[in-house]
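Only heavy atoms go into these numbers, but all of them, side chains included; no hydrogens, no water, no symmetry mates. Proteins get letters first, then strands, A, B, ... in listed order; numbering begins at 1 in each.
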Amino acid sequence: MKSVLDIKNLKVGFHSDEGFVQAVDGLDLQIGEGKTLGLVGESGCGKSVTSLSVMRLLPEKARISGEIGFLGEDLLQKDQKELERIRGDKISMIFQDPMTSLNPVLTIGEQIEEVIRYHQGGTKQEIRDRTLELMDLVKIPDSERRIREYPHQMSGGIRQRIMIAMAIACDPELLIADEPTTALDVTVQAQILALIRELQEKLNTAVLMISHDLGVISQVADDVAVMYAGQVVEWTTTEELFESPKHPYTQGLIRTIPRMDEQQGELEEIPGMVPELSQEFKGCRFYDRCPKAMKACKKADINLLDVEQSKVRCLLYSE
Amino acid sequence: MNILNYILIRFLWAIPTLLGVSILVFLMIHLIPGDPAQLMLYPRGTPEQVEALREQLGLNDPMAVQYFNWLKDALFFDFGKSVSTGSSVISEISSRFAATVELALSALSIAVVVGIPLGVIAARKKNSLIDYLCITFSLGGVSIPVFWLGLMLIFVFAATLGWLPVSGRISMDSGMQIVTGFYLLDALLIGNLYAFGDAVKHLILPAVALSTIPLAMVVRITRSSMLEVLSQDYMKTARAKGIPGRLIIYKHALRNALIPVVTVLGIQIGSLMGGSILTETVFSWPGLGSLIIDSINDRDYPVIQGVVFLATLIMIVVNLIVDVLYAYLDPRIRY
Ligand SMILES: Nc1ncnc2c1ncn2[C@@H]1O[C@H](COP(=O)(O)OP(=O)(O)OP(=O)(O)O)[C@@H](O)[C@H]1O
Ligand SMILES: [Mg+2]
């Protein structure tokens, strides 16, 4: 299968007050055409940094290496001009907080229209028609009126729909959604997820869906990559992940999902804290929190191992 | 709410303000200890002259009657006669009014036209040499006393280099004819380019002196508010949409960043007027500032009242303009 996104050995670091922070450390990921990859992990594990690397929107001080293959070209080799042409057209992004992600002084219409105007062009009327069409596509009621309104006049759910409309305006090959529902309340969350799923199928767009919530991922993703401390620790199909989670961290994460159906005592959580990324790691990064840790885990760095259909970074599965 | 309604409401709000100020201005003459008529004529007034002046000023009527009479006239810009020259206050003021507005507008234009681009550049090139120069200027600029700066400018550019005139608004031989009182405009209206150049030359030094403080402020506020805006989420959204760099700055960032700049400018108008008193004195600029100094020295209360009332009116109008500008820039205020 042809892959839309093919990240190889991505490393991203920042110089900060606490020293050098290796936020992403040797990440490999692939997303096939029209597929949805869920990227999941606790806060601070490097999910947003990964997505911003693909967009090439990291601050200038970020040290970035490796390869980000997009439709056969390496995004890390592109200059600003080329990137401007790709962003919003071939790759687009939806952010976490719809309340702050829209420009407060521009009308909704203008914010959607400018994407079309800049990437595809057209007459005023064509652009306006297309904008109204997009607003209907993301199910914004009363689009004729809304198009002239400003972000502060709308609820979070509507704003996130506007973000989605902007993102799909040019029919992108890849859509990155970084915690698109985290800031919304539960009923709205479900609607937005359903909308993304629906559009993804309709437009056959590849999606990188980022979340700290496996519940969200399970609803939309074909494949899942679990990240821990800047690395992928497990990467497999969504089905496989929930049926037979391999990495002890994944197993822990799955136990933390609240379930309605079964009896569940106290909501479990993974004991311990996420490690500081400014340290030098040796061996498994989950070692301190792992219930199945062995002496050998600390000895040397562990590679992603092929276990059945999964890739797992854990010594339990090495022969 | 539509912007016209908004303007109308703001406008209606200005009425109580103006009435309040009118009471204060009116009372001014009564708040000073002693008999105002006697004070105005001090030290030479004979009892007959004092009584005549009391009659002329209406000081023998009950206070409320005096106020309403005064207000009724003031609304038509009739503030009575100057005690020192005997001519009507409004004719004294009107010849000076245009001079002050011309100077203040020029200073304000310099502050805006130079200050905003400098602030934007400083913010975009944070921690560069130009940024440090801007910071230094914006810190230093606000602490330079206007009269000292004015004198230094005169010393360097007028007295030493001789490039620009020392004082006044126009040269005697320029052939200027007064139409509106705004010399730049008048020179163009009568088609006298020589007079226009002459008026510009006279305007440069006082305008630069008066603009320094607001310019420093505009640079500082533009820079800091631009820096803040650049770090906002919606800027990341704009870049994620592939909008080119320059358009992002001028379309997405600047408009947001200008909101605090407009606020500060609005507040600064007051001190701009204060500064213009000093500037006008240093440059012998025949404006309201020097008029009020003269009339205070002469205890010419009708003139003082007229100038203060008019200055308040200007402030109210300027604030109105600022509010409207504000509403134009920030839709959150309009709706
Ligand atoms: N601009 C930056 N400068 C310095 N460090 C950064 C920067 N951006 C991110 N980091 C660091 O990189 C690490 C990963 O951050 P990232 O935002 O990718 O986490 P995340 O997985 O998206 O978490 P969350 O669920 O909270 O969004 C963090 O330790 C963070 O402190
Ligand atoms: Mg994040």
Open item on the list: I'd like to know whether CZ of A/R145 has more than 12 heavy-atom contacts from other residues, nucleotides or ligands below 6.0 angstrom.
Closed with: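 Yes, because the 6.0 Å sphere around CZ of A/R145 holds more than 12 heavy atoms from other groups.
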- [ ] Verify the neighbour count for atom OH of B/Y328: are there more than 12 heavy atoms of other residues, nucleotides or ligands below 6.0 Å?
- [x]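 Check fails, neighbour count at 12 or below.
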Inter-residue atom distance [X].[atom1] - [Y].[atom2], 0.5 Å rounding:
| X | Y | atom1 | atom2 | answer |
| --- | --- | --- | --- | --- |
| A/N103 | B/R255 | CG | CZ | 8.5 Å |
| B/K236 | A/T100 | NZ | OG1 | 9.5 Å |
| B/I243 | A/Q111 | CD1 | CD | 9.5 Å |

Task: Which portion of B/I259 sits near chain A, non-hydrogen atoms under 4.5 angstrom - done: side chain
Least distance between heavy atoms, [X] atom then [Y] atom:
| X | Y | value |
| --- | --- | --- |
| B/A240 | A/M93 | CB-CB, 4.4 Å |
| A/V105 | B/N256 | CG1-OD1, 3.3 Å |
| A/P104 | B/P331 | O-CG, 3.2 Å |

TODO: Anything in residues 45-60 of chain A with a heavy-atom distance to chain B below 4.5 Å? Please list those residues in order.
DONE: A/L52, A/M55, A/L57
Open item on the list: With a 4.0 Å cut-off on N to O distance, would you call A/E84 and B/K241 a salt bridge?
Closed with: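 No, this pair does not count.
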Task: Any B/P244 side-chain heavy atom under 4.5 Å of A/Y118 side chain - done: yes
- [ ] Find out whether A/Y150 and B/R332 are in side-chain contact, i.e. whether some heavy atom of one side chain is under 4.5 Å from a heavy atom of the other.
- [x]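 Heavy-atom side-chain distance check fails, nothing below 4.5 Å.
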Open item on the list: Apply side chain to side chain contact (heavy atoms under 4.5 Å, CB included) to residues A/Q96 and B/D233 and explain how you reach the verdict.
Closed with: CA-CA 10 Å; A/Q96 173 168 345; B/D233 283 353; over 6 Å; no
Open item on the list: Please tell me whether B/H252 and A/E114 have a donor and an acceptor in their side chains that are separated by less than 3.5 angstrom.
Closed with: yes
Open item on the list: Is A/Q80 in contact with chain B via its backbone, its side chain, both, or neither, using a 4.5 Å heavy-atom distance?
Closed with: neither
Open item on the list: Strictly distance-based, threshold 3.5 Å: is any side-chain N or O of B/T237 a donor or acceptor partner for the main-chain N or O of A/S101?
Closed with: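 Present.
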